[in-house]
**Student:** 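Quick one: structure below, then a few questions.
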Protein chains: 2
Amino acid sequence: MTARPQNVHQARLLRLLRDEGPRSRAELGDVVHLSRSKLAVELDRLVALGLVEAAGLAASRGGRRSGIVRLSPALRFVAFDIGATSIDVAVTNGELEVLGHVSEPCEVRAGATVVLDRALDLLGKLRDEGLIPQEVHGTGIGVPGPVSFRDGMPVAPPIMPGWDRFPVREAIGQELGCPVLVDNDVNIMALGELHAGPARSVNDFLLVKIGTGIGCGIVVDGAIYRGVSGSAGDIGHIRVADDGPVCACGNTGCLEAYFGGAALARDAAAEARLGRSARLAEILAATGEITALDVAAAAAAGDPVAVRLIREGGRHVGQVLAGLVSFFNPGLVIIAGGVAGLGHTLLAEIRSVVYRRSLPLATGNLPIVLSELAGAAGVIGGARLISDHVFATA
Amino acid sequence: MTARPQNVHQARLLRLLRDEGPRSRAELGDVVHLSRSKLAVELDRLVALGLVEAAGLAASRGGRRSGIVRLSPALRFVAFDIGATSIDVAVTNGELEVLGHVSEPCEVRAGATVVLDRALDLLGKLRDEGLIPQEVHGTGIGVPGPVSFRDGMPVAPPIMPGWDRFPVREAIGQELGCPVLVDNDVNIMALGELHAGPARSVNDFLLVKIGTGIGCGIVVDGAIYRGVSGSAGDIGHIRVADDGPVCACGNTGCLEAYFGGAALARDAAAEARLGRSARLAEILAATGEITALDVAAAAAAGDPVAVRLIREGGRHVGQVLAGLVSFFNPGLVIIAGGVAGLGHTLLAEIRSVVYRRSLPLATGNLPIVLSELAGAAGVIGGARLISDHVFATA
């Protein structure tokens, strides 16, 4: 049974120690506005619960030296970041530092049982390395599709056959004997950026993930905004033009029909077949297919067709994002995901369109940046999601 | 000096009495989870502050009859709803019932001093009618442009010459001797719908105002979302197409370049000059201009050109709104503003596009409705804005 704080003061202290690291009692007292004796009572209770421990004495601030406290080093959170074609499993301590992280290719369409068993196997490997000395205190899971956050299960996810209404939270909770929360993979990436990325000091921001498809995590006042049915941020099917390519959703001209890993691979293969790029044609002949990564490599090597495809993609993302920036007026936009690896060519094009098309008042102080966390955003965000839950009153 | 609640319990009681009307002490105790004696203490203090008063005895619930309390009938909030070409001034009681409401044409471009003086004159008329027995407890003001909510002043408002950084809050606060808050006119309309319209039971919704221009109020978790620089919801310049009409902002293909009162009048006049509508040509010849209201009247009388212009406008609003619905996943969309008076032809077209183009998960339970408050939304919202402030701890 995972210990939980008993009141809001304890919850606040746990989150402070998570986000700021070990602190002296004097420093904690300054922040939480509790009397010395009340603070001592709450900290003693957290020690008794096994969540906090003493860690020596702080330097003197003039009087008696204050005792330092920290989160128990035995605290462990687990994160599963399940993507369309990969799975990441990580273990963190209470401060959400990643102690171990394994990643391997895995097709989400293999179905819930296969994929979740594989995640548990990977977790077993981390356990065998001695990374989990006692219990797991909570697990956060991201999946590549719409989720009923309340029910802890995917709902009608388009690229996850066999997962519809599969009780992910219940299944993993029973297996690991700890609290579990399940969310959309883009939302947990946004939480990862909120915890450890450039968004740490920003309350309202957008994370745009460009992978096989395109999605958006929305943070309002430091928390994920999910919308009334949990589908907020699903921007891949926003209309770019009336007469664009046909999309898998049945409409024409959706953003994902123009760009994203799948559209980029499709367009690059078409250019190769038309003989417009010797480099792309070579890759197609050698491997029988072209991936978004191949296009990135070709662009980095100076292939003009590859560069043009990336710039056109960036322009379409920018057109949609410009509207969302006018609407939402965020303090920061982060571009992330596999295709974001296309890097600064893509970023430059997105910036150019947003800064030209959004309202000056909304872009005056708006940074648009690439994620610096790369593959770690999802697992850090998964750990953050469940730690927010465990470090709150029940 | 306006009295304010001294703690969160008192604030909660005041908002309950505002939103639910007179209640017995027994009923209030059930809701706020205070002991009988603690509740009595807090209510006594609110009576002493002049904010609450006793109002007889409730029907028996089995035992002793419980005393009914209500907000003091002397409480008065004032709202100024300043539009591009009109000004509305209203006085409400503590429950935000409109006791008096005057509206008259007024050009906002006449400048801050002229317009605010006119608002104070209109308030004087309501005072002369005896509607303000004692003091004004707070004033909420909406203006048709971007506002620094923190500073209480318009910032670089495009259609309000002479208003940039004019200290509206300070000026009116000194004049009326009460707390004042200033916000964008669309935001106060959204608050009005939250208080008295179909949004009363919805926490996350959008209010789209189609007037001379087009704007959007965003409500997240029962509160206005303003964005990091206060410009959230400014959707009039979201791109509909690359090759559309040139907009006043300098870009091409913005929503406002396609639709809104100004664009509709422009297009109707063009059709009249081309001889495509005898009815519109008649209006143009008779008055020298065509307004959005003229187009509405022509459409209601069956003029096919007028109907087509309204449907095309609805289609463009729907295209932008479809993207915002996918992004924001609201629980309700309300269409309001002068041009919303075009009614069900416009609504049908907007609905048709949004239900076809947004994600099914986002539209499954999404009502799209016309505002039922008409001109009252702004003043009710202005009163709500300032009452939320006055009925909170300082």
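Chain letters run A, B, ... following the sequence lines, proteins first, then strands; residues in each count from 1.
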**Student:** For residues 314-324 of chain B, give me every residue with a non-hydrogen atom less than 4.5 Å from any non-hydrogen atom of chain A.
**Tutor:**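 Answer by number: B:Q319, B:G323, B:L324.
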
**Student:** Please state whether the side chain, the backbone, both or neither of B:D242 comes within less than 4.5 Å of a heavy atom of chain A.
**Tutor:**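 Contact with chain A: side chain only.
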
**Student:** Do A:N329 side-chain atoms and B:G230 backbone N/O form a donor-acceptor pair below 3.5 Å?
**Tutor:**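 Yes, A:N329 side chain to B:G230 backbone: donor-acceptor pair under 3.5 Å.
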
**Student:** Flag yes if more than 12 heavy atoms outside A:R308 fall under 6.0 Å of its CZ atom; otherwise flag no.
**Tutor:**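 Correct, the count exceeds 12.
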
**Student:** Taking A:G331, A:S229, A:P146 one by one, which has the highest count of heavy-atom pairs under 4.5 Å against chain B?
**Tutor:**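 Heavy-atom pair counts peak at A:S229.
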
**Student:** Given the options A:G227, A:G236, A:C249, which has more heavy-atom pairs under 4.5 Å with chain B than any of the others?
**Tutor:**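 Result: the option with the highest number of such pairs is A:G227.
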
**Student:** Output the residues of residues 358-365 of chain A for which the shortest heavy-atom distance to chain B is under 4.5 Å, in residue-number order; output 'none' if no such residue exists.
**Tutor:**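 Hits under 4.5 Å: A:L359, A:L361, A:A362.
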
**Student:** Checking B:L332 against chain A: side chain, backbone, both or neither under 4.5 Å from a heavy atom?
**Tutor:**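 Neither part.
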
**Student:** Nearest 0.5 Å, what's the OG-CD1 distance between A:S326 and B:I238?
**Tutor:**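 Answer for the OG-CD1 pair, A:S326 versus B:I238, is 5.5 Å.
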
**Student:** Show the atom names and distances, to 0.1 Å, of all donor-acceptor pairs under 3.5 Å that link a side chain in residues 211-226 of chain A to residues at least two apart or in another chain.
**Tutor:**
residue, atom, partner, partner atom, Å
A:Y225, OH, B:F328, O, 3.0
A:R226, NE, A:D183, OD2, 3.0
A:R226, NH2, A:D183, OD2, 2.6

**Student:** Which donor-acceptor pairs under 3.5 Å do the side chains of residues 147-161 of chain A make with protein atoms, sequence neighbours left out?
**Tutor:**
residue, atom, partner, partner atom, Å
A:S148, OG, A:D151, N, 3.2
A:S148, OG, A:D151, OD2, 3.0

**Student:** Which bit of A:C254 is near chain B, if near means a heavy-atom gap under 4.5 Å: side chain, backbone, both or neither?
**Tutor:**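 Its backbone and side chain both get close to chain B.
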
**Student:** Heavy atoms only, distances under 4.5 angstrom: which of B:L366, B:V202, B:L255, B:D204 has the most pairs with chain A? Name it, please.
**Tutor:**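 Most heavy-atom pairs under 4.5 Å with chain A: B:D204.
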
